[in-house]
Chemist: 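This is the structure I have questions about; it appears just below.
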Amino acid sequence: MSLAEPEACTEDRLLGGRVALRQPRQGLRAGLDAVMLAAAIPARPGETVLEGGCGSGAVFLCLLARVPGLRVVAIERDPELAALARENAARNGHAGAVEVLEGDIADPALRRAWPRCDHAFANPPYWPEGSAPPVALRAGATHAGDGPGLDAWAAALAAPLRHRGSLTLVLPTARFAGGAAALRGAACGEISLFPLWPRAGQESRRALLRGRRGGRGPDSIAPGLVLHEGPGWSEAASAVLGAGAALEWR
């Protein structure tokens, strides 16, 4: 089914209704990972940011809702998702700030079209070739398959970064070592891990990972964020998910 057909997508809202998002009914759907990744980008108005594998645009839209005046360059290899990301940018009033390029993140010809950037980010396919979910869009979003792996994603996204520009990934915590190695291989140092804890005292299953292009300072582990308290979200998580607050991550 084409994503252009009305029944192929759902109409959703993020950040307490501030972001309108049309996204595929099936496949990998935007949620916690997208909002937390957007909250982690240390961007300022007037800067240029690069997103790899933008899907329907949830991450860059949440970032623009928090930080106005950004220039966004987003990469998406699926033409229908790229078209959907452009549509979502327009419906949220950001058509002039967002450029969505179609192609593979590792394509040298595509990379030559990227501008110099202050920050780059992605929710990359984090599992190597092997078992994959049955829905093709979800498989492509979570499993590298025969496409670029974490090393290639980090190298591509780091290449246009200015000195000390940030590269931020959201990954399963189990992929922390591979993600850190990929960042180091892309000349990004000062690696910092920001765990997302389901509840206080429970093992983290998701984490944010950041490196700085050319950074030479020490690595670090941030306190992270506890997602749930009692029957619902924690106060800190609600501030991010509902109000679009930035994560407290230096």
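Just so you know, residue 1 is the first one in the sequence shown, and it goes up from there.
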Chemist: Please find the pair of heavy atoms, one from Leu209 and one from Ile191, that lie closest to each other, and give the distance.
Modeler: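 What the structure gives for the nearest pair is CD1-CG2, 3.7 Å.
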Chemist: So, for Glu102 and Leu110, which heavy atoms are closest and what is the spacing to 0.1 Å?
Modeler: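 Between these two residues, the closest heavy atoms are O-CD1, 3.8 Å.
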Chemist: Could you tell me which non-hydrogen atom of Pro195 sits nearest to which non-hydrogen atom of Ala207, and how far apart they are?
Modeler: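 Answer, listing the atom of Pro195 first, then Ala207: CA-CB, 4.1 Å.
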Chemist: Does Ala20 offer a backbone N or O that forms a donor-acceptor pair with the side chain of Asn92 under 3.5 Å?
Modeler: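 Yes, because the side chain of Asn92 sits within donor-acceptor range (under 3.5 Å) of the backbone of Ala20.
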Chemist: Between the side chain of Glu76 and the main-chain N/O of Gly55, is any donor-acceptor distance below 3.5 Å?
Modeler: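 Yes.
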Chemist: State the OG-CZ distance between Ser220 and Arg210, to the nearest 0.5 angstrom.
Modeler: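 The distance works out to 9.0 Å.
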Chemist: Within a reach of under 6.0 Å around CZ of Arg205, are more than 12 heavy atoms found that belong to other residues, nucleotides or ligands?
Modeler: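 Result for CZ/Arg205: open.
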Chemist: Hydrophobic cluster membership, with links at side-chain heavy-atom distances under 4.5 Å among I/L/V/M/F/W/Y: are Leu63 and Leu241 in one?
Modeler: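 Hydrophobic grouping puts Leu63 with Leu241.
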Chemist: Indicate, with yes or no, if Leu227 and Trp197 share a hydrophobic cluster defined by side-chain heavy-atom contacts under 4.5 Å among Ile, Leu, Val, Met, Phe, Trp and Tyr.
Modeler: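 No, no single cluster joins them.
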Chemist: Begin from the C-alpha positions of Ile41 and Val67 and carry the test side chain to side chain contact (heavy atoms under 4.5 Å, CB included) through to its verdict.
Modeler: CA-CA 10 Å; Ile41 312 307; Val67 187; over 6 Å; no
Chemist: Using side-chain heavy atoms (C-beta onward) and a distance below 4.5 Å, is Asn88 in contact with Leu61?
Modeler: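 In contact.
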Chemist: Return yes if some donor-acceptor pair links the side-chain N/O of Arg199 with the main-chain N/O of Gly230 below 3.5 Å, else return no.
Modeler: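 A pair under 3.5 Å: yes.
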Chemist: Work out which heavy atom in Leu84 is nearest to a heavy atom in Gln23; give both atom names and the distance.
Modeler: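 Minimum heavy-atom contact is CD2-CA, 4.0 Å.
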Chemist: Atom CD1 in Ile105, atom CZ in Arg77: separation rounded to 0.5 Å?
Modeler: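 If I round to the nearest 0.5 Å, the distance is 10.5 Å.
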Chemist: Please tell me if the side chains of Glu47 and Pro42 come closer than 4.5 Å, counting only heavy atoms from C-beta onward.
Modeler: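 Heavy-atom side-chain distance check fails, nothing below 4.5 Å.
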Chemist: Quick one: list whatever passes ring pair (Phe, Tyr, Trp, His ring centres under 6.0 Å) with Trp249, sequence neighbours left out.
Modeler: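 Ring pair (Phe, Tyr, Trp, His ring centres under 6.0 Å) check on Trp249 returns Phe194.
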Chemist: Hey, is the main chain of Ala43 close enough, under 3.5 Å, to the side chain of Arg66 for a donor-acceptor pair?
Modeler: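 Pair absent, no side-chain N/O of Arg66 close to backbone of Ala43.
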Chemist: Under the salt bridge (charged side-chain N to carboxylate O under 4.0 Å, His left out) rule, collect the residues that match up with Arg22, sequence neighbours excluded.
Modeler: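 Expected list: Glu11, Glu87.
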Chemist: Enumerate the ring pair (Phe, Tyr, Trp, His ring centres under 6.0 Å) contacts for residues 48-90, please, sequence neighbours excluded, ordered by first and then second residue.
Modeler: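 Those involving residues 48-90 do not exist here.
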Chemist: With sequence neighbours excluded, give me every ring pair (Phe, Tyr, Trp, His ring centres under 6.0 Å) pair touching residues 64-103.
Modeler: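 Output for this query is empty, none listed.
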Chemist: Can you run down the ring pair (Phe, Tyr, Trp, His ring centres under 6.0 Å) pairs that involve residues 214-236, sequence neighbours left out, and say none if there aren't any?
Modeler: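 Matches after skipping sequence neighbours: His228-Trp233.
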Chemist: Could you state the interatomic distance from CG (Leu50) to CG (Leu101), rounded to the nearest 0.5 Å?
Modeler: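 With rounding to 0.5 Å, CG (Leu50) is 9.0 Å from CG (Leu101).
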Chemist: Does some side-chain heavy atom of Arg86 sit less than 4.5 Å from a side-chain heavy atom of Val98?
Modeler: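 No, side chains not in contact.
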Chemist: Can you tell me how far apart CD (Glu235) and CD (Glu229) are? Round to the nearest 0.5 Å.
Modeler: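 Going from the CD atom of Glu235 to the CD atom of Glu229 covers 8.0 Å.
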Chemist: Are Cys117 and Val73 side-chain neighbours, meaning at least one heavy-atom pair lies under 4.5 Å?
Modeler: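 The answer is no; the side chains never approach within 4.5 Å.
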Chemist: So, for Cys62 and Leu14, which heavy atoms are closest and what is the spacing to 0.1 Å?
Modeler: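 Closest pair (atom of Cys62, atom of Leu14, distance): SG-CD1, 3.8 Å.
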Chemist: Are the side chain of Glu51 and the backbone N or O of Ala74 linked by a donor-acceptor pair below 3.5 Å?
Modeler: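 Not confirmed, Glu51 side chain does not pair with Ala74 backbone.
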Chemist: Would you say that Leu171 contacts Pro124 through its side chain, given a criterion of any heavy-atom pair below 4.5 Å between the two side chains?
Modeler: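 Yes - at least one pair of side-chain heavy atoms lies under 4.5 Å apart.
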Chemist: About how many Å separate SG of Cys9 and CD of Glu80, when rounded to the nearest 0.5 Å?
Modeler: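 If we round to the nearest 0.5 Å, Glu80:CD and Cys9:SG are 8.5 Å apart.
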Chemist: Assess the residue pair Leu32 and Arg206 against the criterion (side chain to side chain contact (heavy atoms under 4.5 Å, CB included)); give the C-alpha distance rounded to whole Å, side-chain angles, the decisive distance to 0.1 Å, and a yes or no.
Modeler: CA-CA 10 Å; Leu32 180 70; Arg206 275 287 191 280; 5.8 Å; no
Chemist: Can you see which heavy atom on Leu15 is nearest to which on Ala65, and at what distance?
Modeler: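 Closest approach of Leu15 to Ala65, heavy atoms only: CD1-CB, 3.8 Å.
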Chemist: Would you say the side-chain atoms of Asp118 pair up with the backbone N or O of Gly165, donor to acceptor, closer than 3.5 Å?
Modeler: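 No.
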Chemist: Hey, quick one: are Val226 and Leu37 part of the same hydrophobic cluster, counting side-chain heavy atoms closer than 4.5 Å, chains of contacts allowed?
Modeler: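 No, Val226 and Leu37 fall in different hydrophobic clusters.
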Chemist: Mind checking the CZ-CG spacing from Arg175 to Leu169? Nearest 0.5 Å is all I need.
Modeler: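 The distance works out to 11.0 Å.
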Chemist: When you measure from the side chain of Arg213 to the backbone N and O of His119, does any donor-acceptor pair fall under 3.5 Å?
Modeler: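 The answer is no, because no donor-acceptor pair under 3.5 Å joins these two groups.
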Chemist: Can you name the side chain to side chain donor-acceptor pair (under 3.5 Å) partners of Ser204, sequence neighbours left out?
Modeler: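 Result, side chain to side chain donor-acceptor pair (under 3.5 Å) vs Ser204: Thr173.
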